[in-house]
Amino acid sequence: MRKRRPNIHFQDLGIPVGGILHQTQCDATVSVVNHRMVRLENEEMSLTAATRDLSDVDYDQPQAFYWSFDGPLIREIYNEFHDPID
């Protein structure tokens, strides 16, 4: 059985509270409010919920494919943190 990878924890990935994430499928941003939640307009929600509100994407794919922080995709930052290259 395959081991499940950890959930995204923004601060572990170097994304601070107040950090701005950019949606790659549309011209939208959210701000990080804690280790797991973001603010879209005036509502706090998960990154998945924000993605659902903003775009029509395939929800079988992790939401980190659709967001970037200071250039790289969240997926790339996550993979670097959890699977560092020796």
Side-chain angles (χ1 to χ4, degrees):
M1 185 170 205
R2 198 169 126 189
K3 185 177 177 183
R4 185 177 183 277
R5 292 176 67 178
N7 290 333
I8 290 175
H9 186 291
F10 294 121
Q11 283 73 43
D12 283 353
L13 301 181
I15 302 170
V17 169
I20 303 298
L21 307 181
H22 300 273
Q23 222 277 355
T24 61
Q25 303 297 309
C26 63
D27 187 27
T29 61
V30 296
S31 61
V32 174
V33 295
N34 63 35
H35 70 282
R36 297 262 313 140
M37 304 292 280
V38 297
R39 182 180 318 280
L40 175 62
E41 297 173 359
N42 290 321
E43 187 177 346
E44 289 184 19
M45 61 185 69
S46 69
L47 195 59
T48 298
T51 305
R52 287 182 180 144
D53 282 359
L54 291 169
S55 59
D56 183 30
V57 296
D58 178 5
Y59 297 108
D60 290 335
Q61 192 170 57
Q63 303 315 301
F65 279 83
Y66 302 105
W67 296 90
S68 65
F69 174 71
D70 282 347
L73 291 173
I74 302 299
R75 169 184 55 116
E76 294 166 346
I77 298 168
Y78 178 93
N79 287 341
E80 201 170 292
F81 181 80
H82 287 289
D83 295 323
I85 298 172
D86 296 326

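Since this is a predicted model, take the numbers as computed values, not measurements. Index from 1, following the sequence.
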- Please name all residues satisfying salt bridge (charged side-chain N to carboxylate O under 4.0 Å, His left out) with E44, sequence neighbours left out, ordered by chain then number. R39

- Are F81 and L47 grouped together when hydrophobic residues (ILVMFWY) are joined by side-chain heavy atoms under 4.5 angstrom apart? yes

- Item | I15: which of I8, V32, I20 passes side-chain contact (heavy atoms from CB on, under 4.5 Å) | V32

- Query: Under the side chain to side chain donor-acceptor pair (under 3.5 Å) test, which residues partner N7, sequence neighbours left out?
  - Reply: R4

- Only one of L73, D12, L13 forms a side-chain contact (heavy atoms from CB on, under 4.5 Å) with Y78, so which one is it? L13

- Task: Please report the shortest heavy-atom distance between S31 and G18, naming the atom on each side.
- Result: CB-O, 4.5 Å

- Item | Shortest non-hydrogen contact between L54 and A28, atoms and distance | CD1-CB, 3.7 Å

- Transitive ILVMFWY cluster of V33 at side-chain heavy atoms under 4.5 Å: who else is in it? M37

- Message: My understanding is that only residues two or more places apart in sequence, or in another chain, count here; which of them pass side chain to side chain donor-acceptor pair (under 3.5 Å) with R36?
- Response: none

- Message: Considering only residues two or more places apart or on different chains, which pairs with a residue in residues 3-34 satisfy ring pair (Phe, Tyr, Trp, His ring centres under 6.0 Å)?
- Response: H9-H35

- Could you list the residues that satisfy side chain to side chain contact (heavy atoms under 4.5 Å, CB included) with P16, not counting sequence neighbours? F69

- Task: Output yes when a side-chain donor or acceptor of T24 lies under 3.5 Å from a complementary backbone atom of Y66, and no otherwise.
- Result: yes

- State which residues pass side chain to side chain contact (heavy atoms under 4.5 Å, CB included) with M45; sequence neighbours excluded, sorted by chain then number. V38, L40, E43, A49, A50, D53

